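Take a look at the structure below.
Just so it is clear, the model here is predicted, and its values are computed rather than measured.
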Amino acid sequence: GEKTFIGEQVLRIKASNGDQIVQLQDLQSLAHLQLDFWTNPSNPEIPVDVRVPFESLQSVKIYLESNKIDYSIMIEDLQEVINAEKQEMISSERKER
Amino acid sequence: NSGAFNYGAYHTLDNLYRAIDAIMLDYKSIVSKQLIGHSYEGRPLYVIKFSTGANRPGIWIDAGIHSREWVTQATALWTAHKLAAEYGKDAFVTSLLNNYDVFLLPVTNPDGYAFTHTTNRMWRKTRSIRSGSRCVGVDPNRNWNAGFGGPGASSDPCSDSYFGPKAESEVEVKAVADFIRGHSNIKGFISIHSYSQLLMFPYGYKCTKPADFEELNDVGNAAAMALRSLYGTQYKVGTICSTIYQASGGSIDWTYDVGIKYSFAFELRDTGRYGFLLPANQILPTAQETWLGLKKILEHIRDNP
């Protein structure tokens, strides 16, 4: 029953003006895309990090591109990062013992 | 022998075209091939026509308008063989083809498809070149004359969602649009995409409900339920705007606005981890379940002429 994040990515989005902030807020309001905004879009000077479920990746990337909003992939595969972290915890627990 | 073809594998364009020929030869009394135009790089656009009589209303199905969505071309080919092989055996297929012609275009964007096999597996657009632009191609599902150039499409030629210099600038889009304009009796238009598991209907270029919202929503939900019955694959159903977001220049918006009430778009598997790179072992299950969804829509069209 543990939640997994297979194929999910975290995008770092850099809005360049107020219009793009509004476009990001519009994106945030689309509940069906199930986006997890780690930073709220409010100021063009602060990058917005968003966790994107795999099924919404295509749509979100097309949305950003079509609105000329800059983004980069901050975490390529969230589950891999979580797995690596778990592995690290297990091995450090062993070392402690 | 079209029955010996491996429908559970991904194939090159040449092999897909050979398979179309095999289906045509095996079932020549009901299947023919129509050349509706050529792609930008000169590749033929073949529509498979299923017909058992003259002057029938028609139903259009296309796949592969976005070239990287490989499961769609594969599903279309499997569907072509299914329609041909089941005529005279399966009651639904027989009654459908006794009343309607079906036009199936398995590879709407053949240049892009060839490019995904040779150079860039993730290519989505056409391969048209414009002088003065350093970037290639137009998004053929932003190039229809339906809210052309509006939200959800890009004016940047380098973007994957570039809408192009004008509506129907892409010969592949114009070929299909000309075909629809030339056949006044098309009752249904179904476009097959991947991925995300959605079944959508108009509108995308605006967020208002179409006049036939209730009926399209009911048909869509019935189709999604039928599809789910085979392997439990869940689909979301709704307008393009409500299931994705406002996106302009799409094919089913255009067909709906020119009077084809039953305009739908599928986004096939998956929602999990593969997306465009869906493993070949999922082609047949995808095609089989999609058939059940398609069948529901086709039944409704047949029963509501």
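- Classification of Glu289(B) and Arg228(B) as a salt-bridged pair fails, no side-chain N sitting under 4.0 Å from a carboxylate O.
- Between chain B and the options Lys68(A), His32(A), Glu8(A), Gln79(A), heavy-atom pairs under 4.5 Å are most frequent for His32(A).
- A ring-ring contact (aromatic ring centres under 6.0 Å, His included) with Phe163(B) holds for exactly one of Trp144(B), Tyr205(B), Phe148(B); it is Phe148(B).
- Rounding to the nearest 0.5 Å gives a distance of 11.5 Å between OG of Ser251(B) and CD1 of Ile190(B).
- Across Ser159(B), Ala247(B), Gly238(B), the residue that shares the most heavy-atom pairs under 4.5 angstrom with chain A is Ser159(B).
- In this structure, the portion of Arg68(B) lying under 4.5 Å from any heavy atom of chain A is its side chain and not its backbone.
- Heavy-atom pairs under 4.5 Å with chain B peak, among Ile62(A), Leu57(A), Ile6(A), Asp26(A), at Ile62(A).
- With a 4.5 Å cut-off on non-hydrogen atoms, Tyr274(B) touches chain A through its backbone but not through its side chain.
- A salt bridge between Arg94(A) and Glu88(A) is absent, with no side-chain N of the basic residue lying under 4.0 Å from a carboxylate O of the acidic one.
- Proximity of Glu69(B) to Phe276(B): side-chain heavy atoms (C-beta onward) are separated by under 4.5 Å at one or more points.
- Residue contact with chain A, scored on non-hydrogen atoms closer than 4.5 Å, is absent for Ser248(B).
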